[in-house]
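All values below come from the heavy atoms of this structure, side chains included, with hydrogens, waters and symmetry mates left out. Both ligands and their constituent atoms are indexed starting at 1 by order of listing.
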Amino acid sequence: MHAAQIVKVKKPLEIEELDVPEPRGSEVLIRVKSAGVCHSDIHLWEGGYEGPGGKFLKTTDRGVKYPLTPGHEVAGIIDSIGEKAEGFVKKERVLVFPWIGEGLCPACRVGEENLCDKPRSLGVYQNGGYAEYVLVPSYKYLVKLGNMDTDTSAPLSCAGITAYSAVKNAHLKPADNVVIVGAGGLGLMAIQLAKAVTGARIISLDIDDKKLKVAKLNGADSIVNSKSENVKKSIMELTEDLGVDAVIDFVNGSKTVETDMTILRRRARIVLVGLFGGALQLNLVSMPTKAYKIVGSYTGSITDMIELVSLAKRKVIKPVISNKFSLNQATKALTMLRDGKIAGRGIINP
Ligand SMILES: [Zn+2]
Ligand SMILES: [Zn+2]
């Protein structure tokens, strides 16, 4: 089979001829139809990312080994099944849960394998979906798609559950006001989801009027341009001087979070999701007196994915697929994403 692999970081991916894996025990072999191209694939390709103080954090220090087939947003068709795998048959359409843990740490024990101490994620720590086939370690990581399209389903396993779990972490109630920072792909999904499952009043914040227009079309009740408006003033006007009950920040840079901290009502939740990074100076006394909760939110659990697939089946949420690529174009796909030339989600169709 062919796989697009990162052999050397920052160099074009190489199309390798590999043996088709044979599923044993609980394993299942998937013929990949759609593999989403995610921002974190760029970090793998570049061999790391910029950490605090401009320090380069290497992927190999986190246990990533090259050559590696990236691709953690994988949807496809079951090709063959190990003798102990249950509940699935050949040719079924499935979405793969990629955030696989070792199964033993406290996070895994409560079903949060995405936060495992020793992660084994597909497309990060083991070969993923930029290939004709992917070997999934257990049938337990598969969710049936029925007739759903594989291209629009693939991004649910990373972009989708990240947005969904962030919305869950904000614990929104129908009378709440929530600010969603960033109206890109993830922010838009969060707006759709918050609208569908919480009843909260949604204020979308971005620096781009075009994106804000789309946010409004996707369910935002109000929009604020944080470049041209005084954010605090606009938010206080929208909330009768109360401030907001929650902020979900898909940028999560020093500047955005500093602003987030100025628009909060007592008991507010601040959910940090984006990976822009930086540092924050906190007024420590206001933390207890205003009872703020700052939480980080990273990908999501398989429970989140099952719920999300169910919502997607009913068309409550629909990722926007903007570009399609062949396996040979994997490097082009990553380059375009890095350069900001992919508006929705790029998909590789091996
Ligand atoms: Zn991802
Ligand atoms: Zn674990």
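Counting backbone and side-chain atoms alike, C158 contributes an N/O/S atom closer than 2.8 Å to the Zn ion (ligand 1). Note on E102: counted as a metal contact of the Zn ion (ligand 2), an N/O/S atom lying under 2.8 Å.
Residues R201 and D221 are not paired through a salt bridge, judged by the lack of any N-O separation under 4.0 Å between the basic side chain and the carboxylate. With salt bridges taken as basic N to acidic carboxylate O contacts below 4.0 Å, one links K168 and D304.
Geometry note: the Zn ion (ligand 2) is the vertex, C105 SG and C116 SG are the arms, and the angle is 110° (rounded to 10 degrees). Seen from the Zn ion (ligand 1), atom SG of C38 and atom NE2 of H72 lie 110° apart in angle, a value rounded to 10°.
Taking each heavy atom of Y133 and V32 in turn, the nearest pair found is C-CG2, 4.0 Å.
Counted by atom type alone, T59 and Y66 present one or more donor-acceptor pairs between their side chains at under 3.5 Å.
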